[in-house]
Asker: 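I have a structure I would like to understand better, so I am pasting it below and will then ask my questions one at a time.
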Amino acid sequence: MMYTDSVICAAANAAKLYWEELLMFGFGEMIKALKANPKTIVFTEGTDARILEASARLLSGTFLKPLLIGKEAEVFAAAEEAGFNIRGAEIIDPEGYEGMDEMVAKMVELRKGKMTEDQCRASLRQANYFGTMLVAMGKADCLLGGATYSTADTVRPALQLVKTKPGNNIVSSCFIMVRERATGDNEVLAMADCAINIDPSEDDLVEIARETVDCSRVFGIDPRVAFLSYSTKGSGKGETVDKMRNACNKAKLLMPNVPVDGEMQFDAASSPVVARTKHLDGEVGGRANVFIFPDINAGNIGYKIAQRLGGFDAYGPILLGLNAPINDLSRGCNGQEVYSMAIITASLA
C-alpha cells in the first residue's frame with residue numbers, strides 16, 4: 001500500500017498534537033511506561049475510520065501496537081480512503097486465521113460444555129469473539145471495541161472467555177474525570193459505577209469501590225473514597241441510605257489503609273465548606289476524589305453533569321474486574337477518544 005507524502009506528514013502532525021494534548025491531561029507517565037514495555041491492543045472494528053485514525057497515531061508513537069480485525073484488503077482500502085497511514089499494523093481476518101482450530105478447542109474448553117465446537121467456530125467468525133479469544137490466549141494484551149458494537153457485545157465475550165478476576169463476582173466500570181485548574185495543574189477524579197451495574201448490592205458496591213481505587217491509582221490519584229447518598233451520616237432515611245452506609249462500612253474493613261467514608265451527599269464529599277458545616281472532620285469529607293454512586297441512574301447522570309456543566313473531560317467507561325483489560329467505546333466516539341482509551345486500556349495490562 002502506497003501513501004503520499006502529504007498523508008504521512010498529516011499523520012505525523014496529528015500524532016504530535018495528540019501527544020501534546022495527552023501529556024497535558026496527565027497521560028505522560030502512562031506513555032512512558034508503555035514505551036518501556038510496549039503492548040499489543042486488539043481493535044475489533046478494523047475498517048472503522050475512527051479506529052484507523054487512532055491506529056495511525058499509535059503506530060507513529062511506537063509504544064502500542066494495534067492489531068486490527070478484518071480482511072486485509074478492506075482494512076487497507078478503508079485506511080487509504082480516510083487518509084491514514086497504518087503501515088506496520090497487524091491485520092487478522094478470522095476467516096483465514098491459521099490458528100483457528102487451536103482457538104476453537106480453547107474456546108470449547110473455556111465454555112465448559114455450554115457451547116459445542118460448531119457453535120464456538122461460528123462465534124469466532126465474529127470480530128468481538130475472535131478478538132477476545134486473542135486476548136484470552138495471550139496473543140494480545142488487551143482489547144478495545146464498541147465503535148460499532150453495543151456494550152453488551154463487548155462485555156459478553158469478555159465474561160464468557162476472559163472471565164472475572166479471582167475473588168470478583170461482577171464486572172463494573174468507572175470514569176476518570178479530568179479538568180485543568182486555574183493553577184495549570186489537573187484535577188483528576190474517579191466516578192463509579194456509571195455504565196454497567198443497574199442496581200448494585202452492598203457487596204457489589206464494595207467490589208466496585210475496590211476496583212475503582214486500584215484503577216484510580218493508575219491515573220495518579222491518591223484515593224479518598226466517598227459513598228454517595230441523598231443523606232449525610234443519617235440525615236435521611238431509607239433503604240438506599242442503609243445500603244450505602246453498610247457498603248461503606250464493609251469497604252472500610254476491606255481497605256483499612258484507604259480513606260473511606262459515607263454515606264454522604266455529594267456537596268459534603270466535595271466541598272470543604274459544606275463538610276465543615278456538617279461536622280465531617282475525616283480525610284474524605286470535602287476532599288473526596290473517588291465517588292461511589294448508589295446505582296447507574298445516579299452515576300450516569302452525575303458524570304455527565306460533571307462533563308457537560310463542570311468542564312471535565314470524561315475517559316471511559318473503563319471496565320473493571322476482568323482478568324485482562326477489555327474496554328468499551330461509545331458508538332459516538334471520535335478518533336481522539338479511541339486513541340486516549342487505547343492508552344488507558346493498555347496501561348491496565
Side-chain angles (χ1 to χ4, degrees), residues 22-34 142 164-165 167-168 170-181 185-197 200 204-228 244 247-248 250-262 264 266 269-270 282-294 296 298-300 302-307 310 312-322 324-328 337 340-349:
L22 289 174
L23 287 177
M24 182 178 68
F25 284 112
F27 280 66
E29 288 303 312
M30 291 185 197
I31 293 170
K32 182 179 177 181
L34 288 171
C142 50
T164 55
K165 298 175 186 175
N168 281 39
I170 60 169
V171 172
S172 58
S173 72
C174 75
F175 277 85
I176 299 298
M177 313 296 293
V178 181
R179 178 174 66 179
E180 188 176 8
R181 294 188 177 101
D185 61 344
N186 293 313
E187 181 179 6
V188 186
L189 310 173
M191 296 184 172
D193 177 354
C194 308
I196 300 294
N197 293 282
D204 292 340
L205 288 165
V206 175
E207 192 171 310
I208 290 165
R210 185 189 66 210
E211 289 292 330
T212 304
V213 162
D214 289 344
C215 182
S216 73
R217 287 182 170 132
V218 175
F219 292 84
I221 296 174
D222 184 13
R224 297 182 295 274
V225 184
F227 279 76
L228 299 177
M244 297 309 287
C248 177
K250 291 178 180 180
K252 287 179 180 179
L253 294 175
L254 182 67
M255 300 182 290
N257 297 319
V258 177
V260 177
D261 205 0
M264 65 177 68
F266 184 83
S270 60
E283 296 181 71
V284 177
R287 301 177 61 226
N289 52 21
V290 175
F291 300 94
I292 307 302
F293 291 90
I296 198 171
N300 195 269
Y303 101 81
K304 287 183 177 177
I305 289 174
Q307 181 184 32
F312 281 87
D313 286 293
Y315 295 95
I318 301 168
L319 299 185
L320 308 173
L322 291 165
I326 291 177
N327 274 322
D328 178 48
E337 290 166 340
S340 302
M341 280 302 297
I343 294 170
I344 289 170
T345 304
S347 296
L348 298 171

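Values below: all heavy atoms of this structure, side chains included; hydrogens, waters and symmetry mates excluded.
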Asker: Hey, what do you get for CZ (Phe227) to NZ (Lys252), rounding to the nearest 0.5 Å?
Answerer: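 Reported to 0.5 Å precision, the distance equals 9.5 Å.
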Asker: Take Lys250 and Leu254 through the test side chain to side chain contact (heavy atoms under 4.5 Å, CB included) and record every step on the way to the result.
Answerer: CA-CA 6 Å; Lys250 291 178 180 180; Leu254 182 67; over 6 Å; no
Asker: What's the separation between atom CD1 in Ile221 and atom CG in Leu189, rounded to the nearest 0.5 Å?
Answerer: 6.5 Å
Asker: Over all heavy atoms of both residues, which pair between Ser347 and Met30 is shortest? Give the atoms and the distance, please.
Answerer: OG-CB, 3.3 Å
Asker: What distance do Leu322 atom CG and Asn168 atom CG have between them, rounded to the nearest 0.5 Å?
Answerer: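 It is 9.0 Å, given to the nearest 0.5 Å.
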Asker: If you look only at distance, which donor and acceptor atoms sit under 3.5 Å apart when one is on a side chain in residues 283-291 and the other is two or more places apart or in another chain?
Answerer:
| unit_1 | atom_1 | unit_2 | atom_2 | d |
| --- | --- | --- | --- | --- |
| Arg287 | NH1 | Glu283 | O | 3.3 |
| Asn289 | OD1 | Arg224 | N | 2.7 |
| Asn289 | ND2 | Asp222 | O | 3.0 |

Asker: Less than 4.5 Å apart, any side-chain heavy atom of Arg217 and any of Val258?
Answerer: yes
Asker: Identify the two heavy atoms, one from Asn197 and one from Ile296, that lie closest to each other, and give their separation to 0.1 Å.
Answerer: O-CB, 3.4 Å
Asker: Looking only at heavy atoms, what is the nearest atom pair of Glu207 and Gly167, with distance?
Answerer: OE1-O, 4.2 Å
Asker: With side chain to side chain contact (heavy atoms under 4.5 Å, CB included) as the criterion, how do Ile196 and Leu320 come out once you've worked through the C-alpha distance, each side chain's angles and the decisive distance to 0.1 Å?
Answerer: CA-CA 10 Å; Ile196 300 294; Leu320 308 173; over 6 Å; no
Asker: Report the distance from atom CG of Asp313 to atom CZ of Arg179, rounding to the nearest 0.5 Å.
Answerer: 11.0 Å
Asker: Please give me the minimum heavy-atom distance between Met177 and Ala306, naming the atom from each residue.
Answerer: CE-CB, 3.9 Å
Asker: In Å and rounded to the nearest 0.5 Å, what is the CD to SG distance from Glu211 to Cys174?
Answerer: 9.5 Å
Asker: Kindly compute the distance separating OG (Ser173) from CD1 (Ile318), expressed to the nearest 0.5 Å.
Answerer: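 If I round to the nearest 0.5 Å, the distance is 9.0 Å.
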Asker: Between Pro200 and Ile208, is any pair of side-chain heavy atoms under 4.5 Å apart?
Answerer: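 SC-SC contact between Pro200 and Ile208 confirmed.
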Asker: If you compare all heavy atoms of Ala314 against all heavy atoms of Phe175, which two are closest, and at what distance to 0.1 Å?
Answerer: CB-CD2, 4.0 Å
Asker: Do Ile176 and Ile344 have side-chain heavy atoms sitting under 4.5 Å apart?
Answerer: no
Asker: For Thr345 and Asn327, which I'm curious about, is there any donor-acceptor pair between the side chains at under 3.5 Å?
Answerer: yes
